[in-house]
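Note sheet for the following structure.
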Amino acid sequence: MALVKAIRRFTVRTVLPEPIAALDTLATNLRWSWHQPTRDLFASLDPALWEESRHDPAGFLGLITREKMQELALDTAVVARVRAAEEDLRRYLEEPRWYQGLGEDAPQCIAYFSPEFGITEVLPQYSGGLGILAGDHLKSASDLGVPLIGVGLLYQAGYFKQSLSRDAWQQETYPVIDPDALPLTLLKESDGTPCVVTLPLPNGRKLHAYIWRADVGRVPLLLLDSNVPANDDGARSITDRLYGGGGDHRLQQELLLGMGGVKALRIYQRLTDGLAPEVFHTNEGHAGFLGIERIQELMSASEALTWDEALVAGRASTVFTTHTPVAAGIDRFDAAQIKYFFDAGLAPDVPTTRILELGRESYDGGDPAVFNMAVMGLRLAQRANGVAKLHGTVSRAMFSGLWPGFDHSEVPITSVTNGVHVPTWVDPKISSVAETFEPGSAVGGRWDLVFNVTDEQLWETRRELRARLIDDVRRRLRAAWTKRGAGAAELTWIDSVLDPDVLTIGFARRVPTYKRLTLMLRDPARLKRLLLDPEHPIQIVIAGKSHPADDAGKKMIQDLVRFTDDPEVRHRIAFLPNYDIAMARTLFPGCDVWLNNPLRPLEACGTSGMKAALNGSLNLSVLDGWWDEMYDGSNGWAIPTASGKASPQERDDIEAAALYELLETQVAPRFYGASGSGAGAESAGAAGPSTEPPSRVPTHWISMIKHTLSHLGPQVSADRMLGDYVSELYTPAAVAGRRAVAEDFRHARELAAWTKHVRSNWSQVHVEHIDSGGLSEVPQIGDKLHVSAYLNLGVLNPADVLVELAYGRVDDSDQLTDVSLAELEPNENLGNGRYLFNGAVMVEHSGAFGYTVRVIPRHDGLASKAELGLIVNA
Ligand SMILES: *Cc1c(COP(=O)(O)O)cnc(C)c1O
């Protein structure tokens, strides 16, 4: 065929006959991406076309001929099923759900901003964990009835498609999407013209963007698209691809996301007569400019607030989530670049110097010329969190420079452990196994039902999932090799790649160096022995994309693929190009063990292991991220971590050796049953797959699966995560936000004035003298320690401060450990700003005991003691 390139393309939408017109609604609402009955309905209309459309309902409808449409519209059974599905969707969208049972404090509307959203492979607007988490957040919000609106960008080429060259080097292509062919609706004014968001750019240029709406169940997702005719070429390509270029390109993406995103929300609110968001959630630093746009709104409004007042009001209702302790994951721009863009009038009422201060790394080791988006995110949000308990601890230490004088444990960053959207990630085979015993019960809630399933039945299901994965692996390998230039005759070996009765290990994730894709290759001979073990063989399926600019990551992929190319092992280890949601949904359920070996503690949470666990796959992981808090000794294995003193080389050696050891002595023997009567024992070499299921069911292994499903199921669910966000962050932020704006911003103005007063007079605050008494001659447990602190507060009042006695054990260098705090009460005004504060505590344990006194600002509008970063330690 000649290559004739079209100069313009458009997508003709199918017009459906009235009796089955609801198919359009069902295809447009992305609930189908996690609602199996809706997918089944589409598939049943024409199974072959459904496969051809790669399970994309909108694409599928486009493939159906007019004749076939007419035929379906005359089929009463089909019409009835379509109507029933539509009715089910309507009910899902309208009926009260969990959130509707909460009290009035819960916010009426929450805006959730994220640079990427991974909802389905049909909308390739994600690169990895961050985006898929955001997608799962929206889906669970929908299921729970949380009134959330998502805000993001629509990238024309999304993230890249990965393939391999003959010599195993990653190749990237960027297929362009056509929004008209996707389940998206363009927001239009009542006269039919598209709604437009406009931002000024330097040199008199302008950036215009359209707003597309995706419906994620009950949750609208607004996506800004700069590919509009009114833009010049530069502005038009701002949303060309996810995390495309560096520097200005990325900065403009983030300006559009944050500032344009708030403008888009306001338009949406106007068109739908909807409620204004009461809480704004900034999912990672990239979206942080939303805070500046909100301050701009407040400063320009008729009841104009000052900068300080607007900052207080905006912060009260903002939640910031940090997602990574890896430096490369945090956006840092030149401060000069920020100034250049804001001087163009992006936020005309906000002084640029104030914006620059928000992102300044004003702590030891910071770079004053840099504008740090995470630092701005923390300063613009009164509430912040990391994404697992360990990550909370790591983040508090990492950002402690912003709250000098406070112990790391008091840094105001909490944690909400990530979760995954159960209906998206549980394979229907697993959910139906549990449902067999209680028809109609949702797997989301009744994980304990797995104990009703017989070992044989569960084992058989696991084998089916493994076998299905193997079919998928062979299909993908064939395609990959064809792309690498191999002819069919060279590929007959692919028919016997992997064995449905061999212990299958999965490893798939992005390929930044800290995730150590190639740790398993540390001792290639040993890995080979494990793969080819005659009694307890293992097989490994691997996938992952490297960032296009990361040659170290690409080299790791190359090393790995070269290992898998070896004819001696290629039937036992495979690398699959182009990891995405579609592959993941077959891969997680098909693996017996999910491997994760990051450099601790750099994996903030990690979610793929959670998805594997939901399908009865056991985790084998370094104690990092979520595994650090959820590993319980019987739901998988912990790969030990080398001590911090080891060099990076030694560390890899030690941890790889521990991994091999675990596989050889624990994992494999248990999978094959202790006696080692494993099927697959005969299949070393390139023997074909065995057809008989193994006769022996490994009881201990299955008990671990049941334990994993019943215990981890509820904990790793995104419903649990959403519940945590609602109670710990969204509701307190809504309460604080409402209070800040009430009575014409009275509280915000008051808190801002008070903060200014306290800050400018804090240097006068001193602890002058401390007296103590009440102890026996030889102090004993049970003695009461009485403390009197003589303070000079300067112009501040006793009510402006919290005075605390900090006490506990002391070490050799007089450092307090295990600190307890007790409040001291103001007792006497001694004149000239001097006050006496008293209090007493009981001595509760023997050994070295010490205490000190500290003073911090106190106001009921502050969310944490450390909030202002002011403290006087005696
Ligand atoms: C879950 C998932 C991720 C994130 O996995 P991590 O374990 O957090 O690295 C990335 N890509 C896809 C396709 C996923 O499904």
Side-chain angles (χ1 to χ4, degrees), residues 33-34 114 116-137 139-140 158-162 242-243 283-284 321 323-326 329 386-388 390-391 417-427 469 472 476 505-517 519 541-547 553 556 576-591 593-615 617 619-622 624-628 630 636 712 716-718 721:
S33 69
W34 70 90
S114 174
E116 38 177 313
F117 285 94
I119 295 160
T120 144
E121 63 276 12
V122 170
L123 268 182
Q125 304 287 316
Y126 62 93
S127 70
L130 179 69
I132 294 186
L133 177 83
D136 282 2
H137 198 99
K139 291 172 182 175
S140 265
Y159 203 49
F160 69 91
K161 267 205 150 112
Q162 178 194 50
L242 183 51
Y243 307 140
N283 190 41
E284 191 48 292
T321 302
H323 281 270
T324 180
V326 178
V387 291
L390 177 62
H391 180 233
T417 303
N418 285 342
V420 298
H421 183 246
V422 174
T424 298
W425 296 108
V426 173
D427 194 275
L469 167 63
D472 194 51
R476 287 176 186 272
I505 297 173
F507 184 105
R509 40 186 61 85
R510 290 181 305 110
V511 191
T513 38
Y514 78 88
K515 293 196 188 233
R516 295 193 295 189
L517 172 74
L519 188 72
V541 183
I542 305 147
K545 293 177 177 180
S546 170
H547 188 281
M556 288 205 279
L576 307 180
N578 205 38
Y579 181 39
D580 70 356
I581 292 178
M583 185 198 294
R585 283 165 58 119
T586 310
L587 182 55
F588 301 141
C591 291
V593 169
W594 194 252
L595 174 64
N596 188 26
N597 50 32
L599 272 174
R600 187 179 194 266
L602 297 182
E603 181 82 299
C605 178
T607 50
S608 56
M610 295 176 160
K611 302 174 207 164
L614 287 179
N615 289 287
S617 157
N619 278 270
L620 169 60
S621 170
V622 165
D624 201 2
W626 74 285
W627 195 232
D628 185 64
M630 295 195 194
L712 289 181
V716 302
S717 135
M721 168 178 76

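All heavy atoms count here, side chains included; hydrogens, waters and symmetry mates do not. Both ligands and their constituent atoms are indexed starting at 1 by order of listing.
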Notebook entry, point to check: What protein heavy atom sits nearest atom 3 (C) of ligand 1, and how far away is it?
Noted result: Lys611 NZ, 3.8 Å
Check: Considering only heavy atoms, which of Gly118, Ser608, Pro512, Gly544 lies nearest to atom 6 (P) of ligand 1?
Finding: Ser608
Notebook entry, point to check: Closest non-hydrogen protein atom to atom 9 (O) of ligand 1, residue and atom name please, with distance?
Noted result: Lys515 NZ, 2.8 Å
Next item on the list: Could you tell me whether the side chain of Asn597 reaches within less than 4.5 Å of the side chain of Lys515, counting heavy atoms only?
Entry: no
Margin query: Under a 4.0 angstrom heavy-atom cut-off, which atoms of ligand 1 come close to Ile132?
Written below: 2 (C), 11 (N), 12 (C), 13 (C), 14 (C), 15 (O)
Next item on the list: Give the atoms of ligand 1, by number and element, whose distance to some non-hydrogen atom of Arg509 is under 4.0 Å.
Entry: 9 (O)
Notebook entry, point to check: Minimum heavy-atom separation for Ala388 to Trp626, with atom names?
Noted result: CB-N, 4.1 Å
Notebook entry, point to check: Any cation-pi pair here, Arg516 with Tyr514, using under 6.0 Å and within 45°?
Noted result: no
Notebook entry, point to check: Can you find a pair of side-chain heavy atoms, one from Ile132 and one from Trp425, that are under 4.5 Å apart?
Noted result: yes
Margin query: Does ligand 1 come near enough to Thr607 that some N or O of the ligand is less than 3.5 Å from an N or O of the residue?
Written below: yes
Margin query: For a quick test of reading the model, state the closest non-hydrogen atom pair linking Asn578 to Gln162 and the distance between them.
Written below: N-OE1, 2.8 Å
Margin query: Under 4.0 Å between a side-chain nitrogen and a carboxylate oxygen: does that hold for Asp580 and Lys545?
Written below: no
Next item on the list: Check Asp580 against ligand 1 and report side chain, backbone, both or neither, counting heavy atoms closer than 4.0 Å.
Entry: backbone
Margin query: If you define the side chain from C-beta out and look only at heavy atoms, does anything of Met610 sit under 4.5 Å from Thr417?
Written below: yes
Next item on the list: Give the atoms of ligand 1, by number and element, whose distance to some non-hydrogen atom of Ala584 is under 4.0 Å.
Entry: 15 (O)
Notebook entry, point to check: Side chains of His323 and Asn283: do they bring a donor and an acceptor to under 3.5 Å?
Noted result: yes
Notebook entry, point to check: Tell me, which protein residue and heavy-atom name are nearest atom 11 (N) of ligand 1, and how many Å apart are they?
Noted result: Tyr579 CE2, 3.3 Å
Check: Backbone, side chain, both or neither: what part of Trp425 comes under 4.0 angstrom of ligand 1, heavy atoms only?
Finding: side chain
Next item on the list: Give the residue and atom name of whichever protein heavy atom lies nearest to atom 4 (C) of ligand 1, and the separation in Å to one decimal.
Entry: Gly129 CA, 3.4 Å
